[in-house]
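Here the structure is laid out as structure tokens; the discussion comes afterwards.
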Amino acid sequence: MSKLDILFINPNSSKKAYQALAETYSAIEPPTWSLLLAKSLSKICNVAILDCDALRMSDEKAVEEIEYLNPKLLCFVIYGQNPNSGTTSMIGAESLAKNIKEANKNFKIIFIGSHTSALPLEVLSKNFIDYISINEGVETLRQLINTNFEKEDLKKVNGLGYKIENNPILTNPSQTVKNLDLDLPGYSWDLLPYNNNPLDLYRAHYWHTYFKEKDRTPFASIYTSLGCQFKCNFCMINILNRNSNDLDKNAADFKGMRYWSPEFILEQIGVLADLGVKTLRLADEMFFLNKKYYIPILEGIIERGYDLNMWAYARVDTVREDQLELFKKAGINWLALGIEAGNQNVRLDIEKGKFRDINISDVVKLIQKYDINVLGNYMFGFPEDDLSTMNETLDLALNLNTEHANFYATSALPGSPLYFYAKENNWDMPMEYEEFAFLSYECKPLKTNYISAKEVLKFRDQAWHKYFENDNYLKLVLKKFGPEAMSNIKEMSKIKLNRKLLSN
């Protein structure tokens, strides 16, 4: 067997990140960025993927497998299920990397991902990490794998962080990929583990298959674009686009979108269809935005006869009625809307948009008119939030009564403008990765200008149960999805998250 050059590792953070929800209810997504990087690097070297998350693999088992494979370079690819939750994935990444170095200090370890791009020097300071790379790391990995890891070679690698006697060195910035079709040419699905059939270790979000286990596997997730043209202050999505070593810059400074060609995306969807996938997530931060790209993709799906159940993200102010029939016909059965807050002044403060509550209600009804389900995303604990404005958000969610809702306690995610705001104002910040995880025991959201972090988290958890145990919501689920779905939601609602912050 040829020497393995790069092993891409997707760490397992599920137990601490999702608590009891990890057993049944949380999704298990394919490691999208590991797949993209593996495909790109496979043109010049031998690659493999170790998906500890899908395998629910312990550190001990992972170390055994890594020692057997004996790769030249271990690449930890740290992105979250939710594109904003890359920091959460550091829980499992740090634990496994420590164990690898304790077993064999000669392994070379590089960290790539959103958290690394946000805080490169902090990640590089860990004694079990040899290298870091900012942005998606394609240019850096191509150059690094052709070196002998000697210091004279390392300084010539763009976008690399390394250490000389524990002193951090950042080389000249690397550039992000411009031609996605050429330089990120698809996904290495063949490198993923499975039991009986491809992708059967991966499962869709519970609501995606109408709160039923049927069709949760096989499941896949792909991008048709990277980045976002907006700059909401709680979001760190665009830190992926970092092409500067100026560490005072945040995600909003790198806003922008890059696209694969529609023809290329249709080829990728065809590959998945051949593998038996019908349940698909379009993971773009903003799929419903540029009709130059989404119309030919959706029309191509229809023309090719793919039978898919898909979901995608949209903003309240980007939904167009003249496109909704096309979305539904192509198989997009869910649109996830970033509503975030019920108070317009709070929304304006986070640069979310000027749309009013009436706009939100009209857009939700419009989407549902075309038999597309709505997932409303809401956040509690923005800087201008108090108990009154958070109740406005909850009341809006209850009144909209969408087919599903996500409730988050606001966290200052590394790389986001809000992270810099909180630091500048000396707010109490999370110190551990688990404290950034929305559903973890250690979850530690931000305080606001008016209320404490404890009050924010308590409100969020109570709001979740109030929504999913609400009679109007359960009646909606029964009518649209049937008694099995309603029963499953009731079972899910029995799970109470344990929170350290609320235990005293």
Side-chain angles (χ1 to χ4, degrees), residues 10-11 13 16-17 33 76-95 97 110-126 128-129 131-137 159 161 168 170 173-174 176 226-228 230-255 285 340 350-351 379 381-383 408-440 442-448 453 456-457:
N10 184 40
S13 304
K16 288 187 175 181
W33 269 103
F76 279 74
V77 187
I78 316 300
Y79 294 91
Q81 263 185 35
N82 177 322
N84 262 318
S85 62
T87 299
T88 302
S89 297
M90 290 290 290
I91 299 169
E94 181 172 284
S95 173
I110 184 170
F111 270 44
I112 287 177
S114 51
H115 182 84
T116 304
S117 288
L119 300 174
L121 292 183
E122 180 182 297
V123 175
L124 185 59
S125 70
K126 310 291 184 181
F128 47 85
I129 297 173
Y131 316 112
I132 60 93
S133 175
I134 64 171
N135 64 52
E136 69 262 3
L170 294 180
S174 62
T176 55
L226 299 176
C228 181
F230 301 100
K231 51 180 182 178
C232 303
N233 81 344
F234 57 86
C235 181
M236 48 77 72
I237 299 296
N238 284 316
I239 205 68
L240 173 69
N241 299 331
R242 180 188 282 280
N243 57 7
S244 166
N245 287 343
D246 184 348
L247 302 184
D248 291 327
K249 290 183 177 293
N250 62 58
D253 296 311
F254 303 105
K255 72 182 184 74
E285 180 61 16
E340 320 307 2
I350 59 172
E351 298 193 38
M379 299 179 70
F382 289 120
Y408 300 100
T410 303
S411 181
L413 298 167
S416 69
L418 185 57
Y419 179 85
F420 285 81
Y421 175 87
K423 288 197 72 172
E424 288 167 5
N425 287 276
N426 295 314
W427 285 8
D428 187 18
M429 301 277 284
M431 299 299 292
E432 305 294 333
Y433 301 127
E434 194 175 340
E435 293 176 337
F436 285 100
F438 299 120
L439 301 175
S440 73
E442 299 283 347
C443 179
K444 184 179 178 181
L446 278 183
K447 77 177 195 71
T448 79
V456 170
L457 188 59

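What you see is a predicted model; the values in this text were computed from it and never measured. When a residue number appears, it is its place in the shown sequence, counting from 1.
- Separating the OG atom in Ser114 from the CG atom in Leu240 is a distance of 8.0 Å, to the nearest 0.5 Å.
- In terms of modelled atom types and a separation under 3.5 Å, the side chain of Ser133 and the main chain of Ile112 share no donor-acceptor contact.
- Annotation: salt bridge (charged side-chain N to carboxylate O under 4.0 Å, His left out) contacts of Glu442 (sequence neighbours excluded): Lys500.
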Candidate pair Phe420 and Leu418, rule side-chain contact (heavy atoms from CB on, under 4.5 Å), full reasoning: CA-CA 5 Å; Phe420 285 81; Leu418 185 57; over 6 Å; no

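- Taking 4.5 Å as the limit, some side-chain heavy atom of Met379 sits within range of a side-chain heavy atom of Phe234.
- Looking at heavy atoms from C-beta onward, Tyr408 lies out of side-chain contact with Glu340 at the 4.5 angstrom threshold.
- Distance check, rounded to the nearest 0.5 Å: CE of Met90 to OG of Ser13 gives 9.5 Å.
- In this structure the side chain of Thr448 never reaches within 4.5 angstrom of the side chain of Pro383, judged on heavy atoms.
- In this structure, the separation between CD1 on Ile129 and CD on Glu122 is 10.0 Å, given to the nearest 0.5 Å.
- The shortest non-hydrogen separation linking Glu435 to Pro430 is OE1-CA, 3.1 Å.
- Ser95 places no side-chain N or O within 3.5 Å of a backbone atom of Gly92 that could act as its donor or acceptor partner.
- When all heavy atoms are compared, the tightest approach of Pro445 to Ala453 is O-CB, 3.2 Å.
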Could you walk me through whether His115 and Tyr433 satisfy the ring-ring contact (aromatic ring centres under 6.0 Å, His included) test, starting with their C-alpha distance in whole Å, then the side-chain angles of each, then the deciding distance to 0.1 Å, before giving a yes or no? CA-CA 10 Å; His115 182 84; Tyr433 301 127; 5.3 Å; yes

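- Once rounded to the nearest 0.5 Å, the distance linking CG of Leu119 with OG of Ser125 reads 10.0 Å.
- Closest heavy-atom contact between Phe436 and Ala412: CE2-O, 3.2 Å.
- Of all the heavy atoms in Gly227 and Ile237, the pair that sits closest is CA-CG2, 4.4 Å.
- A pairwise comparison of heavy atoms in Phe438 and Cys443 identifies O-SG, 3.6 Å as the closest pair.
- Rounding to the nearest 0.5 Å places CD1 of Ile132 at 7.0 Å from CG of Leu121.
- Of the inter-residue distances, the one linking Asn233 atom CG with Phe382 atom CZ reads 7.5 Å to the nearest 0.5 angstrom.
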Run the numbers on Val456 and Leu446 for side-chain contact (heavy atoms from CB on, under 4.5 Å), then give the verdict. CA-CA 8 Å; Val456 170; Leu446 278 183; over 6 Å; no

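- Pairs engaging residues 239-254 under the side-chain hydrogen bond (donor to acceptor under 3.5 Å, both in side chains) rule: Asn238-Asn241, Asn241-Arg258 [sequence neighbours left out].
- For Pro417 against Cys235, the heavy-atom pair with the smallest separation is CD-O, 3.6 Å.
- Sorted by first and then second residue, the side-chain hydrogen bond (donor to acceptor under 3.5 Å, both in side chains) pairs involving residues 410-430 (not counting sequence neighbours) are Asp428-Lys444.
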